[in-house]
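Heads up: the structure comes next, in structure tokens.
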Amino acid sequence: HVGLLCSLAGGIFETRDSEMVSMDELAFKFAVTNINRNRTLMPNSTLTYDIQRIKLFDGFEASRRACDQLALGVVAVFGPSHSSSLSAVQSVCNALEVPHIQTRWKHPSVDNKDSFFINLHPEYTAVARAVLDVVTFFKWKKLTVVYEDSTGTTLELKKDKEFFVLFDCSPRTAAELLKQLSSMGMMTEYYHFFFTTLDLFALDLEPYRYSGVNMTGFRLLNADEPQVGSTLDRWALERQQGPKQDSGLVDGVMTCHRHKAWRFGPRFMNLFKEAQWTGLTGHIVLNKTDGLRRDFDLDIISLKEDRTNRIAVWNSYRGLNLTQVSRDKRNNVTDSLANRTLIVTTILENPYVMYKKSDKELSGNERFEGYCLDLLKELSNILGFTYEVGLVSDGKYGAQNDKGEWNGMVRELIDHVADLAVAPLTITYVREKVIDFSKPFMTLGISILYRKPNGTNPGVFSFLNPLSPDIWLYVLLACTGVSCVLFVIARFTPFEWYNPHPCNPSSTLIENNFTLLNSFWFGVGALMRQGSELMPKALSTRIVGGIWWFFTLIIISSYTANLAAFLTVERMDAPIDSADDLAKQTRIEYGAVRDGSTMTFFKKSKISTYEKMWAFMSSRKNTALVKNNGEGITRVLTTDYALLMESTSIEYISQRNCNLTQIGGLIDSKGYGVGTPIGSPYRDKVTIAILQLQEEGKLHMMKEKWWRGNGCPEEDNKEASALGVENIGGIFIVLAAGLVLSVFVAIGEFVYKARRNADIEEAFCFFYGPQSRQFQWRGSASSSTTSLSTDLESGRLLADDLE
């Protein structure tokens, strides 16, 4: 394109010790040759060039060679590339007002005195905005930048587990870095490398195409254009044929003859800045003020298995724009999993992962069976990957120690030893910070596994159990209190007094049936639902009687309703019923699996009950915490120990061991998920597959397959059996005790009555003398004393006593 403006161009190129001709020089010669072949560009002239070679970073030599070329009458100077040599040539061009054409990005000078130059490389601040837009598009929260002069880069990246890396380096350095990354085993799907060089497409990426690594870069050349494609083909062909003789080379002299500024230089620069044309790098428009290229397009390319694809186009004014092909690719669920072999870590835990019982020696994945193996098989069928299952080396799920270091399956995912963790691995906050989880394939909570409490048969006095001892005491006090109240009220009210001889209205003798003993008899009769011959006559006493009957109706009805259950049902005497009961005692030891999610829950909990439980467990780490669930189950069966574990595991265990049961409800709510290394491309695809299995009902069917056991006999379904002596024998004891008590009371009454009669007889003889004793005994004296005693006991009084 420069041939439109001049007939002689100068080129200054840096060469390395290992190469005779630099790639920039070859490209320069290739461009001049193509211009001369196209006679429509310069029909009446031929473009020639002068080439000067210098060593790297030799600014003094670069300025001398520039002076030599200007003495030949060149109208523009190309190169060199490196900043030190470029600045030296630029100063010469500024002094002599000759255009300096640059093809590498240029940092602006401090004094802005560089005016005689144009830069075909995209402006550096625009490229920086393109880098920022790409990083924002990928949603990287953490980024490592590696620049040209970095040393020991790859080893430090792997050691520090840096998975998102931006390489700001030349194509030559990028090629060396790719070889080092491959030798370090970092060409995997967990790494994402972003190269800022505009020549990434020109590197040999074939060795890394099937590694799964994520590699992204910029491309300035639009290789999809036919003109660009044909030019690249001719370039590749001429490189294979080797360098040709320099037909357009003009031998330069070593003395500088131009000492004055070129008078056409400013005009020539204005023509450059006003020109617009389309080249291999797209439409070229230079800024008229500073000569920089600010308006350009960059292709965002990504390495794929089939080829290098363009996933987006970035424009310096419009920003990032995804291509339609990249949108379609993102909708393909299995594009990054098909035909891949994933390393899966797991842990032995019934019924999730178990050794398969077989007479033959098994190897590989055939060694295992269980819920997780079935889940893994279904995921493999949906996503199309193959897998190798291995047990975690330390036999732990994954927990963080005081130093912040992880162990178990979580550690293997962090170190990228495994691609997936398919196991009963609980999704927790602390784990989610270091690894990624899929959506849960099973929901559950923490509960308590304990021995099933021993049943207690009803005792001989079980008929007293429907009411608590406190209620029995209150009933007895109520009966006593009502009897006393009834006795007092019956004494006060005149309507309870009556004439025992209605045929003799003039009789002054009146009686009251509610003596103290009769009042007690009335209360007991109503309580026993038998009644008595005594009936209240006054309104006040009837109110007392009615309230007492209502009270006894409710008490007896409640007692009768519970009596059958207490006589026939075997009662379970459980020492604990919830986590609160565990926390309040120290006799029953309890704990969880060491370094598991259950232990972490209690360790991190801020609830007072669970903090108290963790204090108990941490103070007895050697005995309270167990290595795995199997050890914990053995301790529950053999010692007084309660194991805190997931409810799904308790459900599985209690279906196969009728001596164990779940105590209380769920302490929390959580889920099991498939673990992946953080930033893994497999996480979202596994999640979609799990949701598909859930909607198809396959997750439920797999759980039914592995959880269903023989079951334990249901206590509630027992048929009613006949009551024996052990159930109601206490009633016979009460009957016998009552009979014996009545005999002793009768004897006591007889003795009491005999002594009372003897005392009365002695008193009569004392007043009437010995002669009247015989008469009194035979006749009226006996009748009078008996009548007096009866009057006092029955409440009979003379009418005058009431006046």
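Fair warning: this is a prediction, and the values are worked out from it, not measured in the lab. These numbers come from the heavy atoms of this one structure, side chains and all, not from hydrogens, waters or symmetry mates.
- Among all heavy-atom pairs drawn from L379 and A689, the shortest one is CD2-CB, 3.5 Å.
- Ring orientation note: the planes of W314 and F296 are tilted relative to one another, at an angle of 30° to 60°.
- Side chains of T341 and T386: a donor-acceptor N/O pair is present below 3.5 angstrom, by distance only.
- Taking 4.5 Å as the limit, some side-chain heavy atom of I54 sits within range of a side-chain heavy atom of S85.
- Between E123 and R294, at least one side-chain nitrogen of the basic residue sits less than 4.0 Å from a carboxylate oxygen of the acidic one, meeting the salt-bridge criterion.
- Closest approach of R65 to I12, counting heavy atoms only: C-CD1, 4.1 Å.
- Interatomic distance, CZ of F13 versus CG of L26, reported as 9.5 Å (0.5 Å rounding).
- Between the side chains of Q90 and N94, a donor-acceptor pair is found at a separation under 3.5 Å.
- R53 has a carboxylate O that lies under 4.0 Å from a charged side-chain N of E25, or vice versa, which qualifies the two as a salt bridge.
- A donor-acceptor pair under 3.5 Å is absent between the side-chain atoms of S182 and the main chain of L178, judged by distance alone.
- Note: H192 and F164 have tilted aromatic rings, judged against thresholds of 30 and 60 degrees for the angle between ring planes.
- One distance of note links OG of S438 with CD1 of I427; it measures 6.0 Å at 0.5 Å rounding.
- At a cut-off of 3.5 Å, with distance as the only test, no side-chain donor of Y191 or E162 sits close to an acceptor on the other residue.
- Of all non-hydrogen atoms in L72 and L8, the two that sit nearest each other are O-CD2, 3.6 Å.
- For the residue pair S81/D24, the side-chain donor-acceptor check at 3.5 Å is satisfied.
- Between W140 and F194, the ring-plane angle classifies as perpendicular under the 30° and 60° cut-offs.
- Under the 3.5 Å distance criterion, the side-chain polar atoms of T173 are left unmatched by any main-chain donor or acceptor of C169.
- There is no side-chain donor-acceptor pair under 3.5 Å between H416 and T188.
- The aromatic rings of F195 and F167 sit parallel, their planes meeting at an angle under 30°, below the 60° perpendicular limit.
- Using modelled atom types and a 3.5 Å distance limit, the side chains of S302 and N309 yield no donor-acceptor pair.
- Side chains of Y387 and D419: a donor-acceptor N/O pair is absent below 3.5 angstrom, by distance only.
- Of the N and O atoms on the side chains of S22 and E14, not one donor lies less than 3.5 Å from an acceptor on the other residue.
- For the residue pair E61 and Q52, no side-chain donor N or O sits within less than 3.5 Å of a side-chain acceptor on the partner.
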